[in-house]
Number of protein chains: 2
Amino acid sequence: MRERHRHNQCIKNALEKAERVCAEKSLRLTPTRRKVLELIWQSHKPIKAYDLLNQLSSDEHIEKPPTVYRALDFLLKNHLIHKIASHNAYVGCEVNHDEMDSKFFICDQCAEVKEVCEPKLDRSLLEASKKQGFIPNQTTIEIHGTCAKCAR
Amino acid sequence: MRERHRHNQCIKNALEKAERVCAEKSLRLTPTRRKVLELIWQSHKPIKAYDLLNQLSSDEHIEKPPTVYRALDFLLKNHLIHKIASHNAYVGCEVNHDEMDSKFFICDQCAEVKEVCEPKLDRSLLEASKKQGFIPNQTTIEIHGTCAKCAR
DNA sequence: GTATAGAATGTTATATTATAACAGTTTATC
DNA sequence: GATAAACTGTTATAATATAACATTCTATAC
């Protein structure tokens, strides 16, 4: 735990950002949406839709899939979370999406995901696209391997 | 159709490559595996597992999911096909996998996928990884957009 | 040529991921 | 307070994928 970052701060930042974004765009961060975002931000590991569903449910009340998928759709559409396609799982968005699409480093040891912006990589992607005469719109860049922490 | 490439040749090449690879590694390209590979190569569009299953089935005999998933596993493991994670669908492998991982350009108009090797892009990916202290193992690079043909 | 082990296939069942469709409720605005 | 749009509840089902175990096939050793 020694080197662990102050994760509470991540959660707090994420929720604040969400409130700001929603306020700016007149969107409603309803209790379910907020709760789902908070659950996703419990870690930097992608979480599955049905795990969220279980965590949303209590002994008294079991939530149904559309509840969580609707919240996920909202959060995805507004760039507050991302879907990791290679895992069918969801992580909080760590970057500013004025920039280009995200790239993800996914540790196969500890499962943590690091989202990065890499203008150089963007340029390479654009260049490669141009070479194909391809007009890129949205990218899925997921790099699996071993993170710095686990490599030590 | 005027500019259409000779797709029969693609299928033929793919099957020949598969036979060669299997011969070299003492693997068995059994009838089901061969048939699945052939069905996947009917086009350059990713095909879904259950579509393959339907095409494998006849009025007399309906195949079951494990049949197709086992064939897919075999073909994936031996780099004869790839899974497009963002679509849960499968395409034939067009490149030589002595090289690094594949990158896919996926046209959202016509659905065709072009697999490319881009050493420059590989270098950018490696560089970005190094910057994170990340040791890359396997990448999912899927660029969605509009292909040259559809852009015209 | 037969015994044998490993690979491949058949079969049933079920797990996992995601959406459709429609009814009811809440919210913002007029 | 009426209204429309957004949001939520609920039931059902679609789409994707695997587990587990029985059976058959194939290559090799004897």
Side-chain angles (χ1 to χ4, degrees), chain A residues 18-19 21-40 45-58 60-78 80-91 111 140 142, chain B residues 18-19 21-40 45-58 60-78 80-91 111 140 142:
Chain A
E19 306 215 323
V21 166
C22 289
E24 276 166 12
K25 302 202 227 161
S26 301
L27 301 169
R28 289 164 55 199
L29 191 63
T30 60
T32 308
R33 291 167 177 175
R34 194 176 205 286
K35 183 68 189 164
V36 168
L37 183 59
E38 207 178 333
L39 287 172
I40 289 174
K45 303 177 185 180
I47 184 169
K48 306 225 148 207
Y50 276 73
D51 291 339
L52 287 169
L53 202 49
N54 288 335
Q55 296 196 39
L56 279 180
S57 299
S58 63
E60 306 95 56
H61 186 59
I62 297 189
E63 292 292 350
K64 279 126 205 156
T67 299
V68 82
Y69 280 105
R70 281 168 181 160
L72 290 171
D73 285 346
F74 174 87
L75 297 168
L76 285 168
K77 192 160 73 181
N78 296 296
L80 296 169
I81 62 171
H82 295 290
K83 177 170 185 175
I84 302 298
S86 51
H87 279 172
N88 297 321
Y90 305 84
V91 283
T140 299
E142 300 174 4
Chain B
E19 306 214 321
V21 166
C22 290
E24 277 166 10
K25 302 202 227 161
S26 302
L27 301 170
R28 291 163 54 200
L29 190 63
T30 60
T32 307
R33 290 166 175 175
R34 195 177 203 285
K35 183 68 187 164
V36 168
L37 183 59
E38 208 178 332
L39 287 172
I40 289 174
K45 302 177 185 182
I47 185 169
K48 306 225 148 206
Y50 277 73
D51 291 340
L52 287 168
L53 201 50
N54 288 334
Q55 295 196 38
L56 279 180
S57 300
S58 63
E60 305 95 55
H61 187 57
I62 296 191
E63 291 292 350
K64 279 129 206 151
T67 300
V68 83
Y69 281 105
R70 280 167 180 160
L72 289 171
D73 285 347
F74 173 86
L75 296 169
L76 285 168
K77 192 161 73 182
N78 296 297
L80 295 169
I81 62 170
H82 295 290
K83 178 171 185 174
I84 302 297
S86 51
H87 280 171
N88 297 319
Y90 305 84
V91 283
T140 299
E142 301 174 3

With a 4.0 Å cutoff (strictly under), does any side-chain N or O of B:K48 reach OP1 or OP2 of D:dA15?
no
Could you check A:Q55 against A:K35 for side chain to side chain contact (heavy atoms under 4.5 Å, CB included), going step by step and ending with a plain yes or no?
-> CA-CA 10 Å; A:Q55 296 196 39; A:K35 183 68 189 164; over 6 Å; no
B:L56 atom CG is separated from C:dT9 atom C1', nearest whole Å, by 13 Å
Rounded to whole Å, the CZ-P distance (B:R34 to C:dT9) equals 14 Å
Taking for A:L27 and for A:P65 the nucleotide of DNA chain D with the nearest heavy atom, the one nearer the 5' end belongs to A:L27
| message | Looking at B:K64, I'd like to know whether one of its side-chain N or O atoms comes within less than 4.0 Å of OP1 or OP2 on C:dG10. | response | no
Taken to the nearest whole Å, CG/B:D73 to P/D:dA17 is 10 Å
B:I62 CD1 to C:dA13 P, in whole Å, measures 16 Å
| task | Check whether more than 12 heavy atoms from other residues, nucleotides or ligands sit under 6.0 Å from atom CG of B:L76, and answer yes or no. | result | yes
Practice task
Indicate whether OP1 or OP2 belonging to C:dG10 is found under 4.0 Å from a side-chain N or O atom of B:R70.
Solution key: no
**Asked** Under 4.0 Å between a side-chain N/O of A:K83 and OP1 or OP2 of C:dA18, yes or no?
**Response** yes
Whole-Å distance, B:E63 CD to C:dA8 P, equals 17 Å
**Prompt:** For B:N88 and D:dA15, is the shortest distance between a side-chain N/O and OP1 or OP2 below 4.0 Å?
**Reply:** no
Going through the distances and angles, do B:F74 and B:L27 end up as a side chain to side chain contact (heavy atoms under 4.5 Å, CB included)?
CA-CA 10 Å; B:F74 173 86; B:L27 301 170; 4.0 Å; yes
Rounded to whole Å, the CG-C1' distance (A:L72 to D:dC7) equals 16 Å
inquiry  = What I want to check is whether an N or O donor and acceptor connect the side chain of A:Y50 with the base of C:dA18 at under 3.5 Å.
reply    = yes
To the nearest angstrom, the CG-P distance between B:L53 and C:dT9 comes to 15 Å
Select base, sugar-phosphate, or nothing to describe what A:H87 touches, counting heavy atoms under 4.0 Å on all strands.
nothing
Check your understanding: Within the structure, does a side-chain N or O atom of B:Y69 lie under 4.0 Å from either OP1 or OP2 of D:dA15?
Key -> no
Closest of D:dT26, D:dT10, C:dA18 to the A:A49 side chain is C:dA18
Please tell me if B:T30 has a side-chain N or O lying less than 4.0 Å from either OP1 or OP2 of C:dT9. yes
Mark yes or no for whether A:K83, through its side chain, and B:S86, through its backbone, hold a donor-acceptor pair below 3.5 Å. no
When rounded to whole Å, the CG to C1' distance for the pair A:L29 and C:dA28 reads 17 Å
B:E142 side-chain N/O to B:A85 backbone N/O, donor-acceptor pair under 3.5 Å
yes
